[in-house]
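So you know, we letter chains A, B, ... as the sequences are listed, proteins then strands, and number each from 1. Values reported hereafter were calculated over all heavy atoms of this structure, with side chains retained and with hydrogens, waters and symmetry mates removed.
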2 protein chains.
Amino acid sequence: MSRPQTRIQQKNSETILEAALEVFSTHGFRGATLDQIAEVAGLSKPNLIYYFPSKEAMHQALLTRLLDTWLDPLREMDPDGEPVTEILRYVRRKLELSRDYPRESRLFANEILQGAPRMQAAIAGDLTALVAAKSAVLRHWMEAGRIARLPPEHLIFSIWALTQHYADFDVQVRAVLGEGHDPFAEAGDYLDTLFRKLLAP
Amino acid sequence: MSRPQTRIQQKNSETILEAALEVFSTHGFRGATLDQIAEVAGLSKPNLIYYFPSKEAMHQALLTRLLDTWLDPLREMDPDGEPVTEILRYVRRKLELSRDYPRESRLFANEILQGAPRMQAAIAGDLTALVAAKSAVLRHWMEAGRIARLPPEHLIFSIWALTQHYADFDVQVRAVLGEGHDPFAEAGDYLDTLFRKLLAP
DNA sequence: CTGGAATTTGACCACATGGTAAGAAAACGC
DNA sequence: GCGTTTTCTTACCATGTGGTCAAATTCCAG
């Protein structure tokens, strides 16, 4: 375990991951180069390798760190709360993640697009388990007649799809909307309306 | 203009684009290599270059070919048709594209994720114009009280996001659903329900 | 069958890439 | 201040990469 310990290690590891995120998220794993990451980080290439044993390791570190943040809002969906409130809160939180961490969103999208070669375990494990748990909650709400009866997994997919779209396809969204729009603000209102109508029993 | 003319040219150009699609769609432009494309195509690397002057040219050819197919279903949305029918038909057609051409969908996603460096013109041009035109149609329907009043551009985004999700995040979708599911069949029903509820005035 | 055109190949090149090795330079504990 | 450890750099290497080139092979019209 070579956890960062000294100040310098702490700071440089952070700088490197930040740069790696920038590069990986726009070029994918294979398209990213150490030289590019080094340049963005303002460090020499061998110095990168001093902190992370390989390009692979940087990528792995980013993905690991990402998944937790990513699943957190779903974890927080409270089985004892008011269904519509809980779901809308999840949608809002997820959209905020897209707005505030678009690079993380794209990193994730890149990885899944490529068949998730470095995330299969996490997806088959944590993620699937969490979705199963929360699907049960949703199903429970449906059976109690508190929200419309819908396939819970697909309901979750639609939350993911709709919120991530604004981060992953940002360029397209902005091109289509043109100047003078705040995509995320508009999306907030729109998705609120959408899910309210969808969930009404 | 070096349009394919002989049988051999026709066939090999096709073989190469097919292989290039396979590789580009899973590794992105920079992550794809000519050697890999050559291997998939069953041709030698110099032979690839005989048909396409560069890796860039192959990518460009794929993107150009793609965009038309991609926008076709939206073009077909009939201003004189019944609104809900027309929109649901668009959703269904778009989902069919995701199911039947997932690699094309991923190629497109990859390109947009990376900031659309090789598609900016097309996005700012054709795509934006088409969306503007169809948004006008939607708005017209809304003002006539035939469908719910919603921001038309975002309505279109949500169709794109929801349908493409099943192609682009296929790995994730299948992992979450587990065995014994047909994601696209289920999505068909789910999206039909979703948009019916959303569009009800 | 044959000559010219179309197609294909093997050898090659310059450069980029991930990563290494060894030592110089800082930083730190005392 | 000094010796040790941590950090960083320069020079380097093997391999991969996009692409070229001249020659070989195949194709096809007459």
Distance test, side-chain N/O of [X] to OP1/OP2 of [N], below 4.0 Å:
{"X": "A:Q9", "N": "D:dT7", "value": "yes"}
{"X": "A:S44", "N": "D:dT9", "value": "yes"}
{"X": "A:N47", "N": "D:dT9", "value": "yes"}
{"X": "A:N12", "N": "D:dT6", "value": "no"}

If I take atom [atom1] in residue [X] and atom [atom2] in nucleotide [N], what distance separates them, rounded to the nearest angstrom?
{"X": "A:F24", "N": "C:dG18", "atom1": "CZ", "atom2": "C1'", "result": "11 Å"}
{"X": "A:I37", "N": "C:dT17", "atom1": "CD1", "atom2": "P", "result": "11 Å"}
{"X": "B:H59", "N": "D:dG19", "atom1": "NE2", "atom2": "C1'", "result": "18 Å"}
{"X": "B:L34", "N": "C:dA16", "atom1": "CG", "atom2": "C1'", "result": "14 Å"}
{"X": "B:Y50", "N": "D:dC21", "atom1": "OH", "atom2": "P", "result": "16 Å"}
{"X": "A:Q36", "N": "C:dG18", "atom1": "CD", "atom2": "C1'", "result": "14 Å"}
{"X": "B:F29", "N": "D:dT17", "atom1": "CZ", "atom2": "P", "result": "14 Å"}
{"X": "A:R30", "N": "D:dT15", "atom1": "CZ", "atom2": "C1'", "result": "14 Å"}

### Message
How would you summarise protein contacts on nucleotides 20-30 of chain C per nucleotide, using B for base, S for sugar-phosphate only and - for none, with heavy-atom distances below 4.0 Å?
### Response
BB---------
### Message
What contact category does B:A38 fall into here, base, sugar-phosphate, or nothing, at under 4.0 angstrom with non-hydrogen atoms?
### Response
nothing
### Query
Looking for any heavy atom pair under 4.0 Å, which part of the strands does A:A57 touch: base, sugar-phosphate only, or nothing?
nothing
### Sub-6.0 Å ring centroid separation between A:F52 and A:H59
no
### Query
Which is it for A:Y166 and A:S105 under the side-chain hydrogen bond (donor to acceptor under 3.5 Å, both in side chains) test, yes or no, and what are the steps along the way?
CA-CA 10 Å; A:Y166 287 93; A:S105 185; over 6 Å; no
### Message
Show, in sequence, the C-alpha distance, side-chain angles and deciding distance for A:E186 and B:H154, and conclude whether the side-chain hydrogen bond (donor to acceptor under 3.5 Å, both in side chains) test is met.
### Response
CA-CA 8 Å; A:E186 297 176 9; B:H154 289 269; 2.6 Å; yes
Any salt bridge between [X] and [Y], counting N to O under 4.0 Å?
{"X": "B:R93", "Y": "B:E76", "value": "yes"}
{"X": "A:E86", "Y": "A:K134", "value": "no"}
{"X": "B:E14", "Y": "B:R65", "value": "yes"}

### Task
Taking the side chain as every heavy atom from C-beta outward, state whether B:R75 and B:D72 have any pair of such atoms under 4.5 Å apart.
yes
